[in-house]
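Written below as structure tokens is the structure these notes are about.
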Amino acid sequence: MALVTTSKIYEAIARVADMQAAGIKVASLTAGEPDFDTPEHVIAAATRAMREGDTHYTPVRGSLALREAVRQKFHQENGLAFSDDQTIVGTGSKQVIFNALAVTLQQGDEVLLPVPFWAAYTGMTYAAGGVPAFVQTSRDTGYKLTPEDLSAAITPRTRWLILNTPSNPAGVIYSESELEALGGVLRNFPDVFILSDEIYEHLHYTAERPKSLLSACPDLADRVLTVNGVSKAYAMTGWRLGFGSGPKDLIEAMANLQAQTTLGPSSVSQAAAVAALSGPRTSIDYMVDAYRQRRDLIVDMVDSHPLVNLQRPDGAFYALLDMAAVLRGSKQFGDHEAPDAAFCEWLLKDRHVAAVPGSVFGAPGTVRISFATDSATIEHGLGTMLKAVSEIE
Ligand code: PLP
């Protein structure tokens, strides 16, 4: 557990809250959650559930109604057919991911993480007794894992590959053919399981919806766990509701762990999630339109800056700004162990703009900004940051 450190992202968010409580106005670009409210019909369904007495323990894997809604979602949106015993609902997709690792990892087993990665994967891996094994990517490959690098990274200790598409923090979306190519490698390593984290599936700025790994590689069905949830697409982060579908034995082991620890998630959240998954799509379209406009604003602002590079994010609501060269060469930050962290610290203290250092995601020299906030905050916060970069000696 000594390897499980606190979440640097939540640390940054807490610092902003402290400064704001002290009367300092901070432009925060740290948020990992929609700045929209949960849709009204979802709240109505939750209220109704409470009034009608849906306030008791639920089955371990989640209520029958929600498991059915999840099955329908995977079938209709992703073309994936799962039986009921292949589905589990958890307290956020975080719990689903952690439980999967906890029931499969032996001490020292490796979990492959393409860099940059969502930081929580490393903490969960350590907590489950495993070791993260990082696979570098670069801006040249669009921050995507290549089949060659995947093949070279797999060892006899590799238990899992975690693939996140669309991704946090770079907004990367793997195309169907890229997923097929990775599947081609994985076919040669039958002991490696694949966790496909598709939590940002609906937040894409491409014409086509992102492909689910399993729909691109159906023959890997006996070792793919597909994870999703309602947090991001339906602005429901606080309801803590995620789900996963995969091989029956794996789901059963995860359910056994859940039975002895937390049981099924909140009954009210489950009722809300049924309404979200089976209700109208208008709120998603509305939010995605707003995110797209903000994404375009960021791309325009960064494009004209000579020292900061950005690969246009195709999905999720983050932009990973690459300023490695200027930070490394700078008088003020260059000597620090993590110049991006030193820069973000200074930016917060001196300029009152909060962003997350890329070293948190294994990408030193980059800075993650979130566009799950209004355009005025983005314009001011990012504008201040870009001006500060220009002034670095
Ligand atoms: N996966 C990724 C890549 C995320 O960025 C997040 C949240 O930030 C999650 C999963 C967790 O979402 P949930 O709210 O469902 O636990």
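One-based numbering, in listed order, for ligands and for the atoms of each.
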Go through Phe117 and Phe361 one step at a time and tell me if the ring-ring contact (aromatic ring centres under 6.0 Å, His included) criterion holds.
CA-CA 5 Å; Phe117 48 81; Phe361 313 99; 7.6 Å; no
Under 3.5 Å: N or O atoms of ligand 1 paired with protein N or O:
residue	atom	partner	partner atom	Å
ligand 1	1 (N)	Asp197	OD2	2.6
ligand 1	5 (O)	Asn168	ND2	2.9
ligand 1	5 (O)	Tyr200	OH	2.7
ligand 1	8 (O)	Lys232	NZ	2.7
ligand 1	12 (O)	Ser93	OG	3.2
ligand 1	14 (O)	Ser231	OG	2.6
ligand 1	14 (O)	Arg240	NH1	2.8
ligand 1	15 (O)	Ser93	N	2.7
ligand 1	15 (O)	Ser93	OG	2.7
ligand 1	15 (O)	Ser231	OG	3.4
ligand 1	16 (O)	Ser93	N	3.2
ligand 1	16 (O)	Lys94	N	3.1
ligand 1	16 (O)	Arg240	NH2	2.8

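Using modelled atom types, one side-chain atom of Tyr174 and one backbone atom of Leu145 make a donor-acceptor pair closer than 3.5 Å. Listed for the Asp197 side chain is a donor-acceptor partner under 3.5 Å among the backbone atoms of Ile199.
With sequence neighbours excluded, the residues forming a ring-ring contact (aromatic ring centres under 6.0 Å, His included) with Phe193 are Trp160, listed by chain and number.
Using a cut-off of 4.0 Å between Lys/Arg side-chain N and Asp/Glu carboxylate O, Arg187 and Glu180 are scored as not salt-bridged.
Residues Ser177 and Ser175 have side chains that bring a donor and an acceptor to within less than 3.5 angstrom of each other.
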